[in-house]
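Working notes for the structure below.
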Amino acid sequence: MPAELRRVKIFSSRELEILRLLAEGLDSKQIGEVLYLSTLTVRKHRQNMQIRHRCSNTAALISFAFRSGFLT
């Protein structure tokens, strides 16, 4: 991860959990079951991340997270 991104926490720990599971191919319902969250909560986290990082969809969000070094 680049040094400048390590200093700035752009994803919460919960968001990182959701991102990792999205990258593994799980959908919102499955992620909710794994993390004991409602499907709506998972969708809201994903939507908030997409808006904050200006990603038009989930694939773009995952790509951003990989390029930024948050997912390996």
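From a predicted model like this one, the values you see are computed outputs, not experimental measurements.
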- For the residue pair Glu24 and Leu21, establish whether any side-chain heavy-atom pair is separated by less than 4.5 Å. yes
What is the minimum heavy-atom distance between [X] and [Y], and which atoms define it?
X	Y	value
Ile10	Glu15	O-OE1, 4.0 Å
Ser38	Thr41	OG-OG1, 2.8 Å
Arg46	Ser28	NH1-OG, 2.7 Å
Leu19	Ala65	CD1-CB, 4.1 Å

If you measure from [atom1] on [X] to [atom2] on [Y], what distance do you get to the nearest 0.5 Å?
X	Y	atom1	atom2	result
Arg20	Thr72	CZ	OG1	8.0 Å
Gln47	Thr58	CD	OG1	10.5 Å
Asp27	Arg43	CG	CZ	8.5 Å
Ile18	Arg14	CD1	CZ	6.5 Å
Gln30	Thr39	CD	OG1	10.0 Å
Leu22	Met49	CG	CE	6.5 Å

- Message: Check the orientation of His53 and Phe11. Use parallel for under 30°, tilted for 30 to 60°, and perpendicular for over 60°.
- Response: tilted
- Query: Given Val42 and Leu35, is the side-chain contact (heavy atoms from CB on, under 4.5 Å) satisfied, shown in steps?
  - Reply: CA-CA 9 Å; Val42 174; Leu35 298 179; 5.7 Å; no
- Walk me through it: do Leu37 and Ile31 pass the test side-chain contact (heavy atoms from CB on, under 4.5 Å)? CA-CA 8 Å; Leu37 299 171; Ile31 293 170; 5.7 Å; no
